[in-house]
Amino acid sequence: MPSSPPSSSLNVIALISGGKDSLYSILHCIRNSHKVVALANLHPPLPTSSTNTTHNASESGRQSQAEDEPQGTDDIDSFMYQTIGWGVIPLYEDALGIPLYRQPIVGGAVDTGRVYGDVSTATTGDGKEDDEDETESLIPLLRRVMAAHPEANAVCAGAILSTYQRTRIEDVAGRLGLTPLAWLWQYPFLPAPVERASSTSGAPESEAGLLEDMSAAGCSARIVKVASGALDEQVLWGDVAAGSNSAEGRRLRGALVKGMRRFAADGEDIRGAVLGEGGEYETLAVDGPGILWKGRIEIAEEGRDVRVGEGGVAYLRLSGAKVVPKEQEGDGITPESVRRPALLDRGFESALEGLWDGGEEGDEVGRAETPSWTPLDSFQSVNGGIWTVSNITAPEAGPGAGEQMAAIAQKIHAILDSSSQDGAGPRTTADIVFTTVLLRSMGDFPLMNSIYVSLFKKPNPPARATVACGETLPEGVNVMLSMVVDLGSRARRNGLHVQSRSYWAPANIGPYSQAISVPLQGTERVTYIAGQIPLEPASMELAEGPPTAGEPSWAQTYCLRAVLSLQHMWRIGTAMDVNWWLGTVAFFTGSESIQSRARLAWKLWERMHDSAEDSEPEDESTLDIWDIKYGRRGHEQANPAARPRLPHLDVVADGSNSQVPGFLAVQVHELPRNSDIEWQGLGYQCKGVTVSRTESEYGRTTHVTTRENQAYSIIEIEGAHASDLESRIQRVLEADNAVADGGHCVLYSSQPLPQDRFPGQVVPCKSVWGAEGRELAAGAIVQRQT
């Protein structure tokens, strides 16, 4: 199922290096209905005798500057920018018919942390401490472009697997108010485009798929540098994107796959290396489809001087490059010819098929609003290095959501400043790893968010789930916030904050990360994942289901959205090396077929675990330029190992009576962007879990214990009158030893508690549902170290 185009067009500045990826990304801008208004390029410093301009007005057929540059300026060692063949760059203005702006690179790799600006993980590169980082060279360049093109509101780059490169461009884009685009992010590991999936020609799809898609779009990209024992100078000037009917192109792609496989250990995924993502080779784009390329770049054989260096490095010193106008006849390539990955992975596509079987229809139309809760007290607990602060409110600040959020922010600072939970002194907002924000109305979101964003100054802000509870919130409370604070070393956390639009998962352009992973005592890690709604990643619009015969109108869209948003959670978990879900909560809205919606969410959750043994692993790559330089991995060893499937059922211990983690479906008033479903899960990285499902007089408990004694329970509390609900909850929690062990408790309840004291976080809601779509009075989640 392909993605839909965005509803509004962006005016894009395309960062180009001359390589295949940055030029191919421009085609995806066109494919997604955006307009590229300017090209921008950073190049090595020119000799003092040369004149540098930010806007090179070239004429068709003009010679490039490369032949006039002295030796030693062919290429520089930059973490951020491809510089080989940089003298050809001025010709792209004529070749593409788009204004080009250039500027020299200033400084070097000073901040070499994986995430730019994160001083806790940054290391010192080759530059001196007071040198300017080369990333900052983008700021004056883009400002010049924006001054000349005030309509520009986005910037695109060719990042495929490099967190190092992507986060730096996102940092600069955020400071300049530009929307970052990284269409190729994780592209090699996304489901194949429909056109390629049904094709039997070309190189193996799983290993050279992106090159095949470039070929199908009429691209031509020549190898100009190799730096891997798998390749030698014989492949220089080979066309990695030559058409599928080109024997040369097929042979070269086959040679790349074969060469990279020679240096791969068992189980390693070579798709990143086949694309040159570890620096195995670099390319120069010289031609492409007429929808972008108005001329092609030619460099005669005598202008391609082979230089051989140490350690298997070889490159071409280029001269005499020129632009040759293309014939006016069309090449048959249209924007629709540019292939896009399918919207759903194979496993989720299968889960969607038959999800609605008609058996859920006929339940109740809706439920009456429950009475408002009385004010809730804040509650704190510490367990195993995790500190939770729940139910922070500030109705005394005034009736506005902005007023209340500002007061809540002050309370958060005060709580953190005065804390010495681990004996190490106060904490800061940089130690918050997850927040839950409850609003009375999603209309209050902008006011809340404008204050919330001021809390976080560091990269990788906490993951977050935001829902609106309507009139079930306590009277006078328009915002209620709960937070999870990591008491361990900040340097040991991992964060994922992808702010670029891509085909992978929704961009998080805001004060929250997709996920934060925290080490616990021992070797295990817990991953807090932000609530995921069903946005199509490329357009950032809510997905719309196609009409399907026999399905009610609400189900056509709801089923697709449930699957897509869960896939987002899955992809994020896979990227964070999660191999087991401790449990999930599916928030949903609606005024009809409430039980059906809960049952469908459960059925999907169950399917994704019952079918896991038979499904192929959805591999992600851990390849990253930062790791190659600082992880002590040479180019030949840079191929990433395939990650295990999620869930990895081999970690489930013998004696477990279930393989489906705990589940709750919670009906709320509203969700962000007017979505009708949002998944929020807790991921885990461990070597073993025991899963049990037990029944008691109060309901059902799904309990997970990890090998290193982390415990996680989802307790389904069946229907009860309000008068005895609190006592039931307390007895259930006491039976689970939650209160005595200081565990973190979250209660989702459709009925107000008679008293205002609860030992944990509270989420008032309209209705609560458990496994098999059973209606509950409440659901409790308990996490603790035993």
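We use all heavy atoms of the structure for the numbers below, so side chains are in, but hydrogens, waters and symmetry mates are not. If you read the sequence from its start, that first residue is 1, and numbering goes on from there.
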Any side-chain heavy atom of [X] sitting closer than 4.5 Å to one from [Y]?
{"X": "Arg222", "Y": "Val240", "result": "no"}
{"X": "Leu161", "Y": "Leu275", "result": "no"}
{"X": "Leu15", "Y": "Asn41", "result": "no"}
{"X": "Asp21", "Y": "Thr283", "result": "no"}
{"X": "Trp504", "Y": "Leu190", "result": "yes"}
{"X": "Leu138", "Y": "Val155", "result": "no"}
{"X": "Asp232", "Y": "Val226", "result": "no"}
{"X": "Ile13", "Y": "Leu142", "result": "yes"}

Check whether any side-chain N or O of [X] sits under 3.5 Å from a backbone N or O of [Y] as a donor-acceptor pair, and report yes or no.
{"X": "His34", "Y": "Leu10", "result": "yes"}
{"X": "Ser162", "Y": "Ala159", "result": "no"}
{"X": "Gln514", "Y": "Val498", "result": "yes"}
{"X": "Asp331", "Y": "Gly290", "result": "yes"}
{"X": "Ser220", "Y": "Val286", "result": "no"}
{"X": "Glu233", "Y": "Ala314", "result": "no"}
{"X": "Tyr92", "Y": "Ile16", "result": "no"}
{"X": "Glu302", "Y": "Ala300", "result": "no"}
{"X": "Glu170", "Y": "Ser500", "result": "yes"}
{"X": "Ser517", "Y": "Asn494", "result": "no"}

Asn32 vs Tyr503, side chain to side chain donor-acceptor pair (under 3.5 Å): CA-CA, chis, key distance, verdict
CA-CA 11 Å; Asn32 287 282; Tyr503 300 113; 2.8 Å; yes
Leu316: which of Arg304, Arg307, Lys225 passes side chain to side chain contact (heavy atoms under 4.5 Å, CB included):
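When Arg304, Arg307, Lys225 are each tested with Leu316, the side chain to side chain contact (heavy atoms under 4.5 Å, CB included) holds only for Arg304.
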Between Tyr24 and Leu184, does a side-chain contact (heavy atoms from CB on, under 4.5 Å) hold up when you go through it step by step?
CA-CA 9 Å; Tyr24 189 54; Leu184 305 186; 3.9 Å; yes
We want to know whether Ser22 and Ser25 form a side-chain donor-acceptor pair, criterion being a heavy-atom distance below 3.5 angstrom.
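Result is no, nothing qualifies.
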Do His28 and Tyr187 meet the criterion of a side-chain donor-acceptor pair at a distance under 3.5 Å?
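Their side chains do not contain a donor-acceptor pair, so the 3.5 Å distance test is not met.
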Nearest heavy-atom pair of [X] and [Y]: which atoms, and what distance?
{"X": "Ala273", "Y": "Tyr281", "result": "O-CE2, 4.1 Å"}
{"X": "Glu336", "Y": "Arg31", "result": "CA-NE, 3.7 Å"}
{"X": "Leu23", "Y": "Ala285", "result": "CG-CB, 3.8 Å"}
{"X": "Ala230", "Y": "Gly259", "result": "CB-O, 3.2 Å"}
{"X": "Leu178", "Y": "Ala152", "result": "CD2-O, 3.9 Å"}
{"X": "Ala216", "Y": "Ile333", "result": "O-CD1, 3.6 Å"}

Working for side-chain contact (heavy atoms from CB on, under 4.5 Å), residues Leu210 and Ile160:
CA-CA 10 Å; Leu210 178 57; Ile160 297 179; 3.6 Å; yes
Quick one: does NZ or CZ of Arg501 land under 6.0 Å from the six-membered ring centre of Trp183, within 45 degrees of the ring axis?
no
Can Arg168 be said to sit on top of Tyr164's aromatic six-ring, NZ or CZ under 6.0 Å from centre and within 45° of the ring axis?
yes
Please determine whether side-chain contact (heavy atoms from CB on, under 4.5 Å) holds for the pair Val12 and Val37, giving the CA-CA distance in whole Å, both sets of side-chain angles, and the decisive distance to 0.1 Å.
CA-CA 6 Å; Val12 184; Val37 298; over 6 Å; no
Salt bridge (Lys or Arg N to Asp or Glu O under 4.0 Å) partners of residues 284-297, not counting sequence neighbours, each pair once:
Asp287-Lys326, Arg296-Glu298
Distance from [X] atom [atom1] to [Y] atom [atom2], nearest 0.5 Å?
{"X": "Ile270", "Y": "Leu256", "atom1": "CD1", "atom2": "CG", "answer": "9.5 Å"}
{"X": "Arg166", "Y": "Asp171", "atom1": "CZ", "atom2": "CG", "answer": "11.5 Å"}
{"X": "Leu27", "Y": "Trp293", "atom1": "CG", "atom2": "CH2", "answer": "9.0 Å"}
{"X": "Arg143", "Y": "Leu141", "atom1": "CZ", "atom2": "CG", "answer": "11.5 Å"}
{"X": "Ser513", "Y": "His497", "atom1": "OG", "atom2": "NE2", "answer": "5.0 Å"}
{"X": "Ser215", "Y": "Arg339", "atom1": "OG", "atom2": "CZ", "answer": "8.0 Å"}

Taking NZ, NE, NH1 and NH2 as the nitrogens, is one of them in [X] or [Y] under 4.0 Å from a carboxylate oxygen of the other?
{"X": "Arg340", "Y": "Asp213", "result": "no"}
{"X": "Glu93", "Y": "Arg102", "result": "no"}
{"X": "Lys20", "Y": "Glu282", "result": "no"}
{"X": "Glu277", "Y": "Arg271", "result": "no"}

Could you please spell out the steps behind the salt bridge (Lys or Arg N to Asp or Glu O under 4.0 Å) verdict for Lys35 and Glu151?
CA-CA 11 Å; Lys35 179 181 180 181; Glu151 73 278 15; 5.9 Å; no
Under the side-chain contact (heavy atoms from CB on, under 4.5 Å) rule, what do Leu318 and Leu284 come out as? Steps first, then yes or no, please.
CA-CA 11 Å; Leu318 305 173; Leu284 183 73; 3.8 Å; yes
Set of residues satisfying side-chain hydrogen bond (donor to acceptor under 3.5 Å, both in side chains) with respect to Ser502, sequence neighbours excluded
none
